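The structure under discussion appears below in the form of structure tokens.
Predicted model only: the values in this text are computed from it and were never measured.
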There are 2 protein chains.
Amino acid sequence: MSPIGRKVSTTKGGQTKALILETALKMFRDHGYESTTMRAIARKAGVSLGNAYYYFPSKELLIQAFYHRTHQEHLAASLPMLEKELSLKARLLDVMRLKIATLEPYHEFAGALFKTAAHPQSALNPFATASDAVRQASIQLFADVVTKSKARIPEDLRVELPYLLWLYHMGIILFWIHDSSRKRARTYRLIDHSVDLLDRVISLASNPLMRPLRKRALSLVDELREGLPLDSEDPESTVEGRQK
Amino acid sequence: MSPIGRKVSTTKGGQTKALILETALKMFRDHGYESTTMRAIARKAGVSLGNAYYYFPSKELLIQAFYHRTHQEHLAASLPMLEKELSLKARLLDVMRLKIATLEPYHEFAGALFKTAAHPQSALNPFATASDAVRQASIQLFADVVTKSKARIPEDLRVELPYLLWLYHMGIILFWIHDSSRKRARTYRLIDHSVDLLDRVISLASNPLMRPLRKRALSLVDELREGLPLDSEDPESTVEGRQK
DNA sequence: GAGGTTTCTTGAACGCGTTCAAGATTATTG
DNA sequence: CAATAATCTTGAACGCGTTCAAGAAACCTC
């Protein structure tokens with residue numbers, strides 16, 4: 001929907017906010033999340049501690065900004081490939097590899113991310129409303145992976161597939177966070193194998209003979225999603241719209 | 001292996017430690033994790049702050065003790081049922097329901113648990129060595145669910161099934177943590193449906209025709225486990241053995 | 001441009017998890 | 001029993017995330 005480029009706010013406050021965010025992300029990348037203190041961020045950005053808190057009321061909210069940022073980068077990296085007409089398998093493979101590549105500079109930081117991400121009370125757990133926008137956008141990306149592929153997939157499955165692939169991608173990220181192999185070789189291997197398997201399972205599930213089982217599985221997925229905030233009463237909850 | 005009962009240490013130190021733990025768990029249950037401070041725990045237990053830290057060098061370690069405790073309770077609740085000869089489906093269903101029932105008093109607290117649990121650097125993330133013992137014991141429980149059931153399952157799958165079911169059970173817990181429905185109705189519904197589905201998928205996967213796909217899936221599971229600490233160099237790493 | 005209003009900025013202060021040097025208590029040994 | 005060692009206990013102190021009352025700067029409005 002929105003273009004990729006960073007919107008560089010021209011207002012005074014917007015620039016200060018951007019400055020703080022850039023400083024924070026750089027420090028997170030270089031020294032990790034825990035050991036980067038709010039005081040250090042403020043000092044390096046040349047603002048007071050209170051000022052940093054004026055724009056980011058909690059350290060966690062800097063993570064949310066990170067979510068947003070890396071999603072944009074991943075999207076930008078994926079778009080050219082998504083234009084091409086490829087098999088579902090090839091498209092998924094590319095998207096997943098690009099995701100990991102995008103996150104790679106922040107590997108250590110991302111651990112802290114998941115820490116808060118899994119917390120129900122946290123504003124950034126991926127199932128909560130606050131991160132709605134980014135999540136929706138992320139699911140949309142997988143919708144693009146599915147939609148424009150020429151794979152023959154029954155409608156019922158096709159509808160749920162983006163969400164399922166998003167869940168799958170969260171699992172891969174969880175694995176990646178724990179992966180300390182050289183050049184993240186194990187994660188890439190896992191992606192290769194799991195995408196291959198997923199492709200086969202999708203084919204199998206698309207077989208008419210599998211219809212009853214498929215229906216059951218899909219109603220289970222419904223169960224899963226039901227409680228999650230699917231709808232945002234706020235109609236302009238685009239990725240950009242949630243800036244506060 | 002070991003009996004269920006709490007081992008009440010007779011030494012002075014052991015009793016102080018137990019007192020602190022009991023106080024902490026009670027307060028966690030009543031007021032949640034975050035708002036229960038180490039100072040409050042110490043005060044209520046009638047010891048000094050530093051003393052609490054002597055026995056539990058971090059607040060997180062209290063969570064690990066909680067892990068251990070609830071696993072023991074879950075095991076105790078499951079054992080009578082596991083004696084009976086039931087179908088795999090029935091056994092799994094019971095074990096899962098009992099798990100949720102065991103955790104229920106700590107629902108709010110458990111959120112904080114997962115928060116740290118997902119963190120790679122944390123001592124308690126379920127994939128790390130420190131929680132090895134409890135995890136192994138937990139997987140063992142699912143091994144019991146599988147082994148003594150009369151389901152006809154090919155050997156290759158049978159071997160990996162306990163670990164897979166453990167992963168599944170972690171997923172259910174993650175859902176439960178986010179579940180705010182009355183009496184956790186949605187979680188129980190999810191368990192019913194997912195166990196039913198799992199049972200069918202296992203049957204399907206056991207079909208000789210499915211052998212190639214099954215082999216692929218299982219080699220993927222291998223990939224998953226590879227990096228995780230499967231072996232503990234410490235031979236007496238029983239549930240009890242890891243008390244330090 | 002004076003007066004008022006919104007936006008931005010500051011640093012002191014609070015409560016938290018955690019550390020640690022010092023002392024008290026208990027166990028072990030000759 | 002005295003002396004030494006091991007264990008346990010204490011509370012002050014540190015750095016952290018976060019809050020907040022107070023003020024400065026920018027922006028209106030007439």
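If you measure from atom CD of A/Glu60 to atom C1' of D/dC16, you get 15 Å, rounded to the nearest angstrom. B/Arg43 has its CZ atom 12 Å from the P atom of C/dG15, to the nearest Å. When the C1' atom of D/dT18 is taken as reference, atom NZ of A/Lys59 falls 12 Å away, rounded to whole Å. Across the protein-nucleic acid pair, B/Lys17 atom NZ and D/dC8 atom P stand 10 Å apart, rounded to whole Å. Note: CD1 (B/Ile20) to P (D/dC8) measures 11 Å, nearest angstrom. Note: CG (B/Leu62) to C1' (C/dT18) measures 13 Å, nearest angstrom.
Checking A/Ser48 against B/Ser58, the closest nucleotide of DNA chain C that is more toward the 5' end is the one next to A/Ser48. Each of B/Val47 and A/Met38 was matched to the nucleotide of DNA chain D holding its nearest heavy atom; the match closer to the 5' end belongs to B/Val47. Each of A/Glu34 and A/Gly50 was assigned the nucleotide of DNA chain D with the nearest heavy atom; the assignment lying further toward the 5' end belongs to A/Glu34.
A cation-pi arrangement is present between B/Lys17 and B/Phe56 under the rule of less than 6.0 angstrom and at most 45 degrees off the ring axis. The side-chain tip of A/Arg225 points at the ring of A/Tyr163 from less than 6.0 angstrom away and within 45° of straight on. Cation-pi geometry between B/Arg186 and B/Phe175 is not met: the NZ or CZ atom fails to fall both under 6.0 Å from the ring centre and inside 45° of the normal.
For B/Tyr55, the side-chain atoms get nearest to D/dT9 when compared with the rest of D/dT9, D/dC16, D/dT18. In the set D/dC8, D/dC16, D/dT18, D/dT18 carries the atom at the smallest distance from any side-chain atom of A/Leu49. Taking only side-chain atoms of B/Tyr54, from C-beta outward, the nucleotide of C/dT10, C/dC8, D/dC8 with the closest atom is D/dC8.
Contact between the side-chain N/O atoms of A/Asn51 and the OP1/OP2 oxygens of C/dT10 is found at a separation under 4.0 Å. Under 4.0 angstrom from either OP1 or OP2 of C/dT9 there lies at least one side-chain N or O belonging to A/Thr16. At the phosphate of D/dT18, OP1 or OP2 sits under 4.0 Å from a side-chain N or O atom of A/Tyr53.
Side-chain to base pairing of B/Arg39 with C/dG17: one donor and one acceptor N or O lie within less than 3.5 Å of each other.
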Distance-only check: which donor-acceptor pairs under 3.5 Å involve side-chain atoms of residues 33-43 of chain B, not counting sequence neighbours?
unit_1, atom_1, unit_2, atom_2, d
B/Ser35, OG, B/His31, O, 2.5
B/Thr36, OG1, B/Met27, O, 3.3
B/Thr36, OG1, B/Gly32, O, 2.6
B/Thr37, OG1, B/Ala40, N, 2.9

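Residues B/Phe109 and B/Phe66 bring their aromatic ring centres within 6.0 Å.
Heavy atoms of A/Ser35 sit nowhere under 4.0 angstrom from any nucleic acid atom.
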